[in-house]
Every structure is written in structure tokens, then in C-alpha cells.
Amino acid sequence: MGSLDAEIDASFYNLVHQLSVAAGGPLGERRQERRSRFVATQRVALRRAPGLPDEAEFIEVQCHDLTRNGFSFFLPGEPSMRFLVVALGAPPNVIYVSTRVTHTEQVLVYDSGLIERCGNGSVPDDSKARSARRMVLVGCTFVERLTASTASRQPQSVVE
């Protein structure tokens, strides 16, 4: 079974590579890992229990960027859980991945695609802010790919 796990991992990293290449070039970096814009709609769900969430529990989110180790997306408010499941790709090639929320940040998202960070307590110009939506940028780290055999396990605890 070891070769099957290696094949599954290779498929996952291949999908992440394809998505990042299709999404465009890197953004400004805070990390050493190459980050690519990932302007796509994907689905996420809270990981409340072992196993995959029901399809009805997934919501569509607008993604922001992607690396080999994680991705970020926008929510209207703070996520209520530390662990999420993301459904990457489109049927029939969907890959489910357990993720851990590692960062959240209040932002303004403008129709033009411009993102303005609100973390420093500054108040944006009211005339500009009217055309923006207040959102939370959620950064997640990939924990493990979920398959029929791994979906029933508890999420791995990560020492912070």
C-alpha cells in the first residue's frame, strides 16, 4: 500500500502545481515558499468529526493564493474552527485535504481586486471603502490528504 500512498501524494502535489501555474505569478512574499495567486472558487467545510463532511456542509469561497504547503481564501467573518476540509479541483477530479487555520486578517476587498489590510487599526478612506467588502483573509496549512482510509481518522494535532 505504500506505493499507492506515494501515488496519491504525487497526484495531490501535481494538482497543486497545476492550479498554481494556471493562477499566475507570485505575490509579495513573507515566506520562503513560492506563493502564487489563486483566484478561483473552491469549497471548504468545517472539520467537526472524523470523516469527510457532508456535501451540504461545504460552502464556496473565493481563494486568494496557493503554495505547496497551504492556501488562503476570504470569509465574511472569522472561522469558528481550527480545522477545515477543502475540496480542491472540479468533479470528477476533486481532492479533499484537511487543513489547519494558521492566520486570519481583516481586509477590505475592492471590486478591482485590490486587497487592503485593516490590521493596523487604520480606518480606510470612506469614499474608497464604500466600494469594498469587509472580509477575513484566512490562511491555512495543508495537514493531510483525505481518502477513504484517512478520512475516518482524527485530524493530527499540531504543536503551536
Side-chain angles (χ1 to χ4, degrees), residues 1-53 55 57-109 113-119 135-160:
M1 261 222 225
S3 65
L4 178 59
D5 289 341
E7 186 177 322
I8 289 170
D9 287 345
S11 296
F12 169 69
Y13 284 113
N14 185 39
L15 175 65
V16 170
H17 174 73
Q18 289 172 4
L19 291 171
S20 67
V21 167
L27 296 175
E29 289 297 318
R30 289 186 297 167
R31 299 178 178 97
Q32 292 178 343
E33 182 71 36
R34 181 179 170 192
R35 185 180 304 187
S36 298
R37 274 187 59 98
F38 184 43
V39 181
T41 301
Q42 298 293 308
R43 297 176 311 125
V44 298
L46 298 177
R47 185 146 194 213
R48 301 176 200 271
L52 290 175
E55 284 299 316
E57 294 182 64
F58 282 89
I59 61 167
E60 288 188 343
V61 295
Q62 180 63 49
C63 296
H64 177 62
D65 63 19
L66 176 72
T67 72
R68 284 179 26 154
N69 297 321
F71 80 115
S72 67
F73 63 94
F74 299 104
L75 282 178
E78 292 284 332
S80 60
M81 300 288 279
R82 280 185 20 168
F83 288 95
L84 304 171
V85 174
V86 60
L88 291 171
N93 299 318
V94 177
I95 292 177
Y96 295 93
V97 182
S98 173
T99 66
R100 182 174 56 92
V101 174
T102 54
H103 176 77
T104 61
E105 182 176 8
Q106 297 286 328
V107 296
L108 290 175
V109 179
L114 176 70
I115 313 275
E116 184 176 350
R117 290 168 175 13
C118 302
M135 301 292 282
V136 175
L137 180 62
V138 180
C140 294
T141 300
F142 296 133
V143 174
E144 66 179 330
R145 177 159 179 210
L146 298 175
T147 61
S149 62
T150 60
S152 62
R153 295 193 324 225
Q154 289 284 358
Q156 298 171 343
S157 64
V158 179
V159 178
E160 296 186 29

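The shown structure was predicted, so the numbers you read here are calculated from the model rather than taken from an experiment.
- The minimum heavy-atom distance between Ser80 and Leu46, with the atom names listed, is OG-CD1, 3.6 Å.
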Legend entry - Criterion side-chain contact (heavy atoms from CB on, under 4.5 Å) on Ile115 and Met135, from CA distance to verdict: CA-CA 10 Å; Ile115 313 275; Met135 301 292 282; over 6 Å; no

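- A distance-only check finds no donor-acceptor pair linking the side chain of Glu116 to the backbone of Val107 [under 3.5 Å].
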Inset, instruction - Before giving the answer on side-chain contact (heavy atoms from CB on, under 4.5 Å), spell out for Phe71 and Val97 the whole-Å C-alpha distance, their side-chain angles and the decisive distance to 0.1 Å. - result: CA-CA 11 Å; Phe71 80 115; Val97 182; over 6 Å; no

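- If you take CZ on Arg100 and CD on Glu144, they are separated by 13.0 Å, rounding to the nearest 0.5 Å.
- Ala87 pairs by the side chain to side chain contact (heavy atoms under 4.5 Å, CB included) definition with Arg43, Phe58, Val94, Tyr96, not counting sequence neighbours.
- To the nearest 0.5 Å, the span separating CG on Leu137 from CG on Leu75 amounts to 9.5 Å.
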Inset, instruction - Could you check Gln62 against Val39 for side-chain contact (heavy atoms from CB on, under 4.5 Å), going step by step and ending with a plain yes or no? - result: CA-CA 7 Å; Gln62 180 63 49; Val39 181; 3.4 Å; yes

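- When all heavy atoms are compared, the tightest approach of Gln42 to Cys63 is CG-SG, 3.6 Å.
- Across all non-hydrogen atoms, the minimal contact from Phe83 to Ser98 is CD2-OG, 4.4 Å.
- The two residues Val101 and Met81 make their nearest non-hydrogen contact at CG2-O, 3.8 Å.
- Below 30°, between 30° and 60°, or above 60°: for Phe74 and His64 the angle between ring planes is above 60°, a perpendicular geometry.
- A search for salt bridge (Lys or Arg N to Asp or Glu O under 4.0 Å) contacts involving Glu60 returns nothing, not counting sequence neighbours.
- From Arg47, atom CZ reaches atom CG of Leu52 across 7.5 Å, with rounding to the nearest 0.5 Å.
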Inset, instruction - Report the C-alpha separation of Ile59 and Val61 in whole Å, then their side-chain angles, then the decisive distance to 0.1 Å, and conclude whether the side-chain contact (heavy atoms from CB on, under 4.5 Å) test is met. - result: CA-CA 6 Å; Ile59 61 167; Val61 295; 4.1 Å; yes

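- Exactly one residue among Leu84, Val136, Val86 makes a side chain to side chain contact (heavy atoms under 4.5 Å, CB included) with Phe73. That residue is Leu84.
- Closest heavy-atom contact between Thr99 and Val143: C-CG2, 3.8 Å.
- For the pair Phe142 and Thr67, the tightest heavy-atom approach, listed with the atom from each and the gap, is CE1-O, 3.7 Å.
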